[in-house]
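First comes the structure, then the notes that go with it.
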Amino acid sequence: MSLPEGWTLSASAFNLTPEVIRAARSAPDLALTLVERGIASAVEIELGQMWRGFPAPPTRDVEAFHDRLAAEGGRVSIVGVSIDEYDRGRRRTDAERRAFLEPQLRAAASVGAAGVRLPIGQAGAILDDLVPLLEDLDLVLFEEAQGHETPAARPEDYDRIAELDTPHVRLLLDISMLMPALPVTYLERLERGGIPADLVGRLRDEWREPATHDAVIGLLRSGGVPGPVHTLYMNLLVRFGRAHVSDLASVLPLLGAAHLKFWDLDDADHRISHPLRDVGTALAATGFTGTLCSEWGGQEWLDDDPWEMTSRHLSLAAGALSDRHPSASLQRASTQ
């Protein structure tokens, strides 16, 4: 089987963040390597990572990157944008928030992107006002939900997308929401960092159990999380989700893109490929079209080659998405 028509696998330039930090090459040069090396023809970029002058990068730099990418047969799929909520300690007004975002939207249009990405709910009160601008620029605003941000946790934000009922505001699902098990290398890092063995065992064997979540909170509140892994530990509460595809049944028709988030490539028990197959089956049933982007989150604790990791993950994802299989739970998800 092959991917359905209208589905495009893409790669995120965010995967190259360790190389951006090393600064041996510029961020645009690094993003271009994803196409030059034949890893992907469509790339996602983070505007704040790409050029100086954020939130209004020089137009000549943006257009130059577009031209270089096109010359290699590539294009930008989605641009990650953001709203800086504070200015020197003062919360921005809605008018100021829109003014901060507008040049980013125009830069995304100049680079040839299909859309921009914001965390779900962040646009808030300015969302209505953005729709005419999105229409003028022919852009889609993708509101990204990940980790614990399920429809049950944030119903008003999902409802807002449905109420707008416009193709210019869609949902982007990060499959970090659908983790049947935690990354092997992550658990090893927590264990080396001093997290109690009994909790590591529960995280390994009972990740989706509510009692495990309670134990995670309990250790945090007790002050028992060692400093060197404290930030890493917070992924359990923010970036790693425990939902099932069936929990997303009501919002699947709103999806316009997906992040195929991965952390490492240990798939011995299908902890990576099963969510990919589940999502593929569910999206195929809704008539989804859009990009499915490989995004590597494991760079936080791993030092692997990001190009190799991205290439191997895209190969795994292509196989899993092409090998969709029906199940009772997925059929329920697609028909509710």
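Model, not experiment: these values are computed from the prediction. The analysis underlying the following values was restricted to heavy atoms, covering all of them including side chains, and did not include hydrogens, waters or symmetry mates.
Between D61 and R52 there is no salt bridge, since no side-chain N of the basic residue sits under 4.0 Å from a carboxylate O of the acidic one. For R160 and D128, the salt-bridge test passes: some basic side-chain N is under 4.0 Å from an acidic carboxylate O. Remark: E206 does not engage R242 in a salt bridge, criterion side-chain N to carboxylate O under 4.0 Å. Note on R98 versus E102: salt bridge recorded, some NZ/NE/NH1/NH2 to OD/OE distance being below 4.0 Å. Ion pairing of E72 with R37 is absent here, as no side-chain N (NZ or NE/NH1/NH2) approaches a carboxylate O to less than 4.0 Å. Salt bridge E44/R117: present, at least one basic N to carboxylate O contact under 4.0 Å. We find that E300 and R189 are not joined by a salt bridge, their nearest charged nitrogen and carboxylate oxygen being 4.0 Å or further apart. A salt bridge is absent between R92 and E85: the closest approach of a Lys/Arg side-chain nitrogen to an acidic carboxylate oxygen does not fall below 4.0 angstrom.
A 6.0 Å sphere centred on CG of D303 holds no more than 12 heavy atoms belonging to other residues, nucleotides or ligands. With a 6.0 Å radius and a threshold of 12 heavy atoms from other residues, nucleotides or ligands, R221 has its CZ atom at or below the threshold.
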Take F14 and W296 through the ring-ring contact (aromatic ring centres under 6.0 Å, His included) test and state the conclusion after the steps. CA-CA 8 Å; F14 173 80; W296 182 35; 9.1 Å; no
Would L30 and W307 satisfy side chain to side chain contact (heavy atoms under 4.5 Å, CB included), going step by step from the backbone distance to the final call? CA-CA 10 Å; L30 289 166; W307 293 279; 3.9 Å; yes
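Annotation: W7 is in aromatic contact with F288 [ring centroid separation under 6.0 Å].
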